[in-house]
Amino acid sequence: MSAPQKDLLGRPMTATEQRLLSAYEGLKALLREDLPPSAAANVREAVAALWQVVNDLALASDRPDV
Amino acid sequence: MAVSPYWNPKTETLAREDLGRLQGLRLKELVARAWQGSPFHRRAFQQAGVTPEQVQVLKDLERLPFTTREAWMECQKRTPPFGDMLARPLESAVRYHTTSGTTGRTPLRVLDGRADWKWIAECWCYGFHGFGIRPNDRVFFAFSYGTFIGFWGAHYACEKMGCLVLPSGNMTTEGRVALIADMGATVVCATPTYALRLAQEARERGVDLVNGSVQRLILSGEPAGSIPATKRLIEGQWGAKAADTAGMTEIGTIMMFECEKQPGGTHIIEDQVIEEVIDPETGRAVDYGEQGERVVTSFGRGMIPLIRYRTRDLVVKVPHTRCTCGRTFDLYDGGILGRVDDMLLVRGTNVYPRAVEAIVREHAAVDEFQIHLTTVDGIRDEIAVRCEVRVGQEAEWPKVRERLAADLAHAIEGLTIPVVEAPRGSLPRFELKAKRVKDERVVKGAGR
């Protein structure tokens with residue numbers, strides 16, 4: 001599935017915004033893996049941090065389950 | 001590359017129409033989440049006859065019922081300790097905090113998950129960055145780091161921004177002044193009252209704040225941060241610029257801040273919250289420029305969705321065009337103006353503590369003050385303002401007292417308010433929210 005090309009307001013995303021959203025989605029996908037405690041905890045932290053970015057930039061409307 | 005004056009330029013300068021659309025999208029998501037996860041909110045929606053499908057755009061906000069502190073407290077009492085407002089399982093919480101409880105009421109208990117906690121810091125970043133604080137700053141927190149949420153979020157915001165954080169935990173005021181000087185703090189975060197207390201301590205210890213390292217103060221916790229006379233006093237004693245912020249435990253963070261332009265008001269962080277202003281009696285929205293009660297809807301907390309929360313804070317909203325900073329976020333003129341319920345009724349005259357403070361702080365000879373209410377002859381209400389005189393100002397005091405009494409009489413028609421000197425050190429000092437009203441009347445606010 002290709003990444004959405006527009007933000008929540010229907011504006012075209014910049015290339016940087018697309019990469020940020022992709023990084024966020026990639027980190028969320030990692031949460032579904034069987035990770036050792038150190039990786040699981042730090043990936044959860046990273047997801048929470050990246051969520052601030054995609055939320056601030058109006059790139060995604062979800063809320064991570066971390 | 002030049003650093004943006006905005007923490008989040010994309011939304012801080014969004015056209016108002018787009019900002020409204022974004023708020024609508026976030027409201028829709030918030031309501032769906034609250035319906036699904038929070039029994040408290042589902043019950044409230046059902047009682048109001050609203051379903052999530054009916055909330056699609058910002059205008060639909062008015063379909064939703066208000067949330068009150070009383071209802072929140074009641075649900076915590078019914079299903080202790082946290083009530084059934086939580087929208088996520090207890091296991092996903094990473095922080096526990098409470099309201100300050102300074103009013104003597106049972107405090108509210110709040111929980112936050114990882115993403116919530118980072119969002120709380122994020123909102124503070126809007127304010128710190130917006131007032132010109134940058135990674136090379138050394139930020140001192142005059143804060144005791146207890147269960148009261150206070151500056152906790154601000155601490156994490158500064159770490160996130162890359163500032164050097166100087167926590168002072170349970171240090172004495174003397175120790176704090178020494179740390180500020182030793183570490184060359186460039187920013188100090190404190191309540192307005194405690195900023196004055198620190199300055200007093202510095203004077204007594206011979207520490208020259210005016211020519212020291214501190215360039216900015218971030219004030220929070222009391223409306224006084226936006227009272228011009230109080231702010232001038234603080235700025236004069238520190239030789240630094242002061243900015244007001246305001247937040248509340250119920251949302252975990254600040255919802256407004258002063259930008260560097262300081263147009264006499266605080267910008268509302270409107271991409272992260274919706275702030276309505278209503279008539280506290282009728283519940284109807286009031287227009288720009290009219291005083292009313294703040295009602296907040298917060299998008300950022302996952303554990304505790306907060307929807308149309310009646311804050312009891314009095315504010316006047318003005319359009320973003322009041323400020324020249326380029327933000328499209330509206331402002332509260334003069335910050336928080338007081339509380340719906342903090343008005344004192346003395347012999348039929350309304351007295352607002354904030355108004356008294358605004359007058360007292362015009363007189364730099366007053367170091368600390370207290371509004372003292374008593375019952376005389378078992379029937380008559382009396383009010384007095386008790387003042388501690390600043391060291392070195394004793395000779396001017398008789399004239400200052402006369403002028404202050406005249407200013408109070410002029411501002412508060414129908415009452416003569418005696419100004420009484422209090423012995424030095426006799427009035428309480430506060431680190432958190434100051435309580436400068438001592439009401440010892442037999443029947444409070446009975447209007448006699």
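In what follows, chains carry the letters A, B, and so on, assigned in the order in which the sequence lines appear, proteins first and then strands, with residues in each chain numbered from 1. What you see below is based on every heavy atom in this structure, not just the backbone, and it leaves out hydrogens, waters and symmetry mates. Since the structure is predicted, the reported quantities are computational estimates derived from the model, not experimental observations.
- Donor-acceptor pairing under 3.5 Å is lacking for the side chains of A:N55 and B:E122.
- Contacts of B:K28 with chain A are absent, with no heavy-atom separation under 4.5 Å from either backbone or side chain.
- Around atom CG of A:D62, more than 12 heavy atoms belonging to other residues, nucleotides or ligands sit under 6.0 Å away.
- Here the straight-line distance linking atom CZ of A:R63 with atom CH2 of B:W119 works out to 8.5 Å at 0.5 Å rounding.
- Using a 4.5 Å cut-off between heavy atoms, A:R11 contacts chain B through its side chain alone, with no backbone atom that close.
- In this structure, chain A has heavy atoms under 4.5 Å from both the backbone and the side chain of B:K118.
- Heavy-atom contacts from other residues, nucleotides or ligands closer than 6.0 Å to NZ of B:K160 number more than 12.
- The minimum heavy-atom distance between B:R88 and A:D65, with the atom names listed, is NH1-OD1, 2.7 Å.
- Under the 3.5 Å distance criterion, the side-chain polar atoms of B:R114 are left unmatched by any main-chain donor or acceptor of A:A49.
- Heavy-atom distances place the side chain of A:D7, and not its backbone, under 4.5 Å from chain B.
- Within 6.0 Å of atom CD in B:Q46, more than 12 heavy atoms from other residues, nucleotides or ligands are found, so the atom counts as buried in its surroundings.
- For the atom pair OG of A:S61 and CG of B:L22, the computed distance is 10.5 Å after rounding to the nearest 0.5 Å.
- Neither the backbone nor the side chain of B:W117 comes within less than 4.5 Å of any heavy atom in chain A.
- Expressed to the nearest 0.5 Å, how far OG1 of B:T11 lies from CG of A:L8 amounts to 11.5 Å.
- Distance alone, capped at 3.5 Å, places no donor-acceptor pair between the A:D56 side chain and the B:N8 backbone.
- Applying the 6.0 Å contact sphere to CD of A:E33 captures more than 12 heavy atoms from other residues, nucleotides or ligands.
- Counting heavy atoms of neighbouring residues, nucleotides and ligands inside a 6.0 Å radius, atom CZ of B:R16 exceeds 12 of them.
- Residue contact with chain A, scored on non-hydrogen atoms closer than 4.5 Å, involves the side chain of B:Q272 exclusively.
- Closest non-hydrogen pair, B:K10 versus A:L59, comes out as NZ-CD2, 4.0 Å.
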